[in-house]
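Worksheet: the structure to be examined is printed underneath.
The basis for the numbers below is simple: all heavy atoms, side chains too, and nothing from hydrogens, waters or symmetry mates. Order of the sequence lines fixes the chain letters, A, B, ..., with proteins taken first and strands second; residue numbering starts at 1 for each chain.
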Amino acid sequence: MAQMKCLSLILMIKASYKNIIYIGMMLCLTIILFGCQERNYPRHTSVFYMNDYAEALMEYTRQSVLLEAEALYENTKDLDQGGAQLVVATFLVENASEIASYDKTELYREWQIGTDDMGVLIILFFEPYVENDITYKSFLELQVEVGYNMEPYLTPTTLGRIADESFFNPNYLGDVNLGLMHMIYEILEILYVDLYGFNSFTYDMAVFEEDLYTYTPTYYLDQDPLSFWLYIFSPYLLLGDGLGLIFTIGIFVLFGGGLGFFVRAKGKGGSSGGMGIFRRR
Amino acid sequence: MNNRSLVLVIGGVIFLFLVIIGISLIVGYNNLVDLDEDIQGKYAEVENRLQERHDKIGQVVDAVDGLQEYALSVYEAITAARAAYNAADSLEELIEADALTAAAFTDLLVVVEDNPNINVSSGYVALIDEISSMESALSVARRDYNESVQDYNASIRRFPRVLYASLFGFERTYEYWKLNDGADEVPVIDFND
């Protein structure tokens, strides 16, 4: 009798273990299917905020953008209309006509930038040109897309003025590193002071410029699109931070690892409606 | 199996069938309501964007000095488009007014760019930024609206939802927001030429 009880207990444990494995596999399959959704654009990088796919920016610029973008989200996430996200992407195209195949709104929506549609996406397009057997990248066009709820704060007029005074500032002699960072600082000043009520936001372009040309990188940001596996095992994938985290812990317990435990696979679910600016060189 | 058991089994099967039908009806109805509401929301978004553009385009005309003198046809096209927008009280008329405004605005940009006799005020550049952005937003809003209409129209024609659609009065199909080819292209501003 005791043997029978013991046997039935073992069978129950085995059965429940099988059930757990089965449920885990179904969850994995669901997530993989989500991961296989049709995509028009590359996934963002593992650092989310900086996506230099044209490899046109200097490492100091990349890290500075990342630092400021992370700070923006962290400093505002608990405020009213907080959790703003600022994302930069660069793309290399064969010529200006190829830019038409990129839709900034679609890209914004795919990456889901900003909490409650509070996001900014800055896209820079470059084209390659060869001189003395060396391939350079020439800036072609700037596009900015803002989330639905960011529209009143970053109007096209404001963005156009910022772009003209900072990104296309003639003092920078066409150096996009300086122009981009200046533009981001100007946008951040509006967001911090006008939108979130901070007393001030200060920056010094002279300091940035000096550091830009003297900085020796000790590490480099990963600038490849997020891999499929990191994407599907990310705690942030579709399910959001809370559920995603629980799911990832579940995967970790069941299969011995959540590969992308700290990787953000999407933004905070934001969407946009096409507002922003287009500016050619 | 005695008669009582047989009745219970048949009753159970019928009950299960009714439950499935009931859940299916509720889910189907709610889904149609969601799709219908989605179209209303997207339509409201298009209307908002049209109103924003309508408000701005008057300011653009005011910022362009000499438009009546050097490009009367463009001025008249803009005036006609604005009048058409004000008079529009159906979807078809709104689409027509939208197309007229988009075409007139594109002509205005071309005229200002090509005609050195036309002077623009300092606020013109900012207004053009606003209008270009609104054209972009309108293009997105129209596309979103058309996608919602497509989802809904396809949904009410598919089986089994076609049954719920006729049962719950969702037989009406929505019209797509059609524009002439190229009418919704967003002009890119290039002030360095």
Rounded to the nearest 0.5 Å, what's the gap from [atom1] on [X] to [atom2] on [Y]? Could you check?
X       : Y       : atom1 : atom2 : value
T157(A) : K56(B)  : OG1   : NZ    : 6.0 Å
E130(B) : T158(A) : CD    : OG1   : 7.5 Å
E135(B) : F278(A) : CD    : CZ    : 10.5 Å
T105(A) : D144(B) : OG1   : CG    : 8.5 Å

Count the heavy atoms belonging to other residues, nucleotides or ligands that lie under 6.0 Å from [atom1] of [X], then report whether that count exceeds 12.
X       : atom1 : answer
E47(B)  : CD    : yes
E98(A)  : CD    : yes
Y213(A) : OH    : yes
Y129(A) : OH    : yes
Y29(B)  : OH    : no
D116(A) : CG    : no

- Query: side chain to side chain contact (heavy atoms under 4.5 Å, CB included) between V140(B) and E145(A): does it pass, once the steps are laid out?
  - Reply: CA-CA 12 Å; V140(B) 171; E145(A) 174 88 0; 5.7 Å; no

- Message: Please check this pair: side chain of S133(B) against backbone of M275(A), looking for a donor-acceptor N/O pair closer than 3.5 Å.
- Response: no

- Between G273(A), G276(A), G160(A), which shows the greatest number of heavy-atom pairs under 4.5 Å with chain B? G273(A)

- Please state whether the side chain, the backbone, both or neither of E151(A) comes within less than 4.5 Å of a heavy atom of chain B. side chain

